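Notes for the one structure printed next.
Atom set for the values below is all heavy atoms of this structure, side chains included, hydrogens, waters and symmetry mates excluded. These numbers come from a predicted model, not from an experiment.
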Amino acid sequence: SDSNNYRLTFVNKPSYLYRTTLDGITASYWDFDGSNDYGYIEDSDSGSDFDFSTSETGDMTIEVWANTDQIGYTDFIIGRFGASNAQRAFLLGWEEDRYQGMAWTGTNNSWHRCYTSDSSNRVTNTWSHLVWSFRKADPDNSNNCHSCLYFNGVQTGGSYNPFTGWNNLSMSTGSSRKTYVGVTYYFSWAYNGKLSVMRVYNGKALSANEVKRNYNSEAPRFNRSTI
């Protein structure tokens with residue numbers, strides 16, 4: 001990391017509610033308006049801990065507790081996506097009917113997505129635990145990647161989750177593009193909802209058991225049942 005400790009700087013600041021009770025749950029969270037609330041993480045470009053190609057393993061995980069007000073055609077929570085192919089590294093959120101994680105490699109716009117179209121992963125107005133875990137080398141076949149989504153502590157269904165098609169390729173460095181939260185590129189992609197917890201792991205792909213452990217440890221806090 002660096003001296004800035006990756007501060008999240010808001011360009012258009014979402015509402016912040018400290019220890020607010022919502023539907024019987026007391027939590028602190030940012031409330032994004034789905035229009036133009038967004039920020040960027042300082043110094044989170046190429047060579048930073050948000051450049052997942054820098055780790056020895058090439059692995060990563062993004063973990064979020066979110067309460068989505070509305071899911072439109074395209075709603076990404078966090079990502080590094082720019083105008084040029086070189087500035088594209090990853091996106092996490094929803095597109096069309098898919099809950100998905102998208103990853104790019106190199107500068108030729110080669111990308112993959114793990115996703116599910118199950119409607120149970122598009123719920124609104126309740127707290128949900130979202131996790132995207134990416135391994136550069138699949139434990140069962142080191143020549144392929146293992147990119148997997150979890151929802152409320154459980155691996156989601158679908159024929160494209162996990163995705164294992166990449167042949168041991170690292171994610172793109174993303175060049176000079178910083179990591180954005182709330183609006184990752186187009187304002188039409190703006191996230192509409194609340195974010196309470198966000199964790200990003202460089203060099204660590206959480207296992208299914210670790211995802212379940214993290215979910216269970218915080219589920220009561222968000223009025224969810226443990227599993």
For residues 152-163, which side-chain donor-acceptor pairs fall under 3.5 Å, sequence neighbours excluded?
residue: N152; atom: OD1; partner: H129; partner atom: N; Å: 2.9
residue: T156; atom: OG1; partner: N161; partner atom: ND2; Å: 2.8
residue: N161; atom: OD1; partner: L149; partner atom: N; Å: 2.7
residue: N161; atom: ND2; partner: L149; partner atom: O; Å: 3.1
residue: N161; atom: ND2; partner: T156; partner atom: O; Å: 3.1

(request) Starting at CG of N143, measure out to CG of L169 and round the result to the nearest 0.5 Å. (result) 10.5 Å
(request) Look at the side chain of D138 and the backbone N and O of H146, then say whether any donor-acceptor pair between them is shorter than 3.5 Å. (result) no
(request) Could you walk me through whether L206 and Y201 pass side-chain contact (heavy atoms from CB on, under 4.5 Å), step by step? (result) CA-CA 9 Å; L206 292 184; Y201 306 74; 4.1 Å; yes
(request) Kindly compute the distance separating CD1 (I78) from OG1 (T184), expressed to the nearest 0.5 Å. (result) 9.5 Å
(message) Testing the basics here: between C145 and F134, what is the closest heavy-atom pair and its distance to 0.1 Å?
(response) CB-CE1, 4.1 Å
(request) Of all the heavy-atom pairs spanning R80 and S175, show the shortest one and how long it is. (result) NH2-O, 3.4 Å
(message) What I'd like to find out is whether the side chain of L91 reaches to under 4.5 Å of the side chain of W189, using heavy atoms alone.
(response) yes
(request) State yes or no: do V200 and F90 share one hydrophobic cluster built from I, L, V, M, F, W and Y residues joined by side-chain heavy-atom distances below 4.5 Å, directly or via other members? (result) yes
(request) Grab the two heavy atoms, one from Y150 and one from S207, that are nearest each other, plus how far apart they are. (result) OH-C, 4.2 Å
(message) Donor-acceptor pair, distance only, cut-off 3.5 Å: does the side chain of T116 make one with the backbone of Y99?
(response) no
(message) Within this structure, what is the CZ-CZ distance for the pair F81 and F76, rounded to the nearest 0.5 Å?
(response) 8.0 Å
(request) Using the test side chain to side chain contact (heavy atoms under 4.5 Å, CB included), find all partners of D59 that sit at least two apart in sequence or belong to another chain. (result) T57, R135, K136, A205
(request) Answer whether the closest heavy-atom distance between the side chains of Q87 and S176 falls below 4.5 Å. (result) yes
(request) Inspect the contact between K194 and D69 and indicate whether a charged nitrogen and a carboxylate oxygen are less than 4.0 angstrom apart. (result) yes
(message) I want to check a possible cation-pi pair here: R177 against Y180, using under 6.0 Å from ring centre and within 45° of the ring axis as the test.
(response) yes
(message) Do S35 and D33 pair up side chain to side chain, a donor and an acceptor below 3.5 Å, judged on atom types alone?
(response) no
(request) Tell me, please, which residues at least two apart from A103 pass side chain to side chain contact (heavy atoms under 4.5 Å, CB included). (result) H112, W132, W166, M171
(message) Hydrophobic cluster membership, with links at side-chain heavy-atom distances under 4.5 Å among I/L/V/M/F/W/Y: are I227 and F222 in one?
(response) yes
(request) Group every Ile, Leu, Val, Met, Phe, Trp and Tyr by side-chain heavy-atom contacts under 4.5 Å, then state whether M102 and Y185 land in the same group. (result) yes
(message) Side-chain heavy atoms nearer than 4.5 Å, only ILVMFWY residues, links allowed to pass through others: does that put I77 and V183 together?
(response) no
(message) Minimum heavy-atom separation for N202 and D51, please, with both atom names.
(response) ND2-O, 3.5 Å
(request) First locate atom CZ of R122, then atom OG of S128, and finally report the distance between them rounded to the nearest 0.5 Å. (result) 12.5 Å
(message) Quiz question: by atom type and distance under 3.5 Å, do the side chains of Q70 and T124 form a donor-acceptor pair?
(response) no
(request) Taking all non-hydrogen atoms of both residues into account, name the closest pair between A219 and T226 and its distance. (result) CB-CG2, 4.3 Å
Please table the atom pairs, donor to acceptor, closer than 3.5 Å between any side-chain atom in residues 8-18 and protein atoms at least two apart or in another chain.
residue: T9; atom: OG1; partner: E42; partner atom: OE2; Å: 2.6
residue: N12; atom: ND2; partner: N36; partner atom: O; Å: 2.9

(request) Would you mind listing every salt bridge (Lys or Arg N to Asp or Glu O under 4.0 Å) that reaches into residues 90-106, with sequence neighbours excluded? (result) E95-R98, E95-R113, E96-R98
(request) Have a look at V181 and tell me which of Y38, Y40, F32, Y191 forms a side chain to side chain contact (heavy atoms under 4.5 Å, CB included) with it. (result) F32
(request) Please step through side-chain contact (heavy atoms from CB on, under 4.5 Å) for the pair S110 and W104, ending with a clear verdict. (result) CA-CA 6 Å; S110 175; W104 279 259; over 6 Å; no
(message) Would you compute the distance between atom CG of D43 and atom OG1 of T179 and round it to the nearest 0.5 angstrom?
(response) 10.5 Å
(request) Give the minimum heavy-atom separation between I62 and V64, together with the two atoms involved. (result) CG2-CG2, 4.2 Å
(request) Check salt bridge (Lys or Arg N to Asp or Glu O under 4.0 Å) between E218 and all other residues, then give those that pass, not counting sequence neighbours. (result) R199, R221
(request) Apply the side chain to side chain contact (heavy atoms under 4.5 Å, CB included) test between E63 and each candidate in V211, N214, L130, V197; give the one that qualifies. (result) N214
(message) Applying the ring-ring contact (aromatic ring centres under 6.0 Å, His included) criterion to W65, which one of Y29, F151, W127, Y215 satisfies it?
(response) Y215
(request) Quick one: pull up OG in S172 and CH2 in W111 and give me the separation to the nearest 0.5 Å. (result) 14.5 Å
(message) Taking Y186 as the starting point, is it possible to reach I71 by hopping between hydrophobic residues whose side chains are less than 4.5 Å apart?
(response) no
(message) Could you check whether D118 and S120, counting side-chain N and O atoms only, form a donor-acceptor pair closer than 3.5 Å?
(response) yes
(message) Set out, in order, the CA-CA distance, both residues' side-chain angles and the distance that settles side-chain contact (heavy atoms from CB on, under 4.5 Å) for M198 and L195, then state yes or no.
(response) CA-CA 7 Å; M198 179 178 289; L195 297 178; 4.1 Å; yes
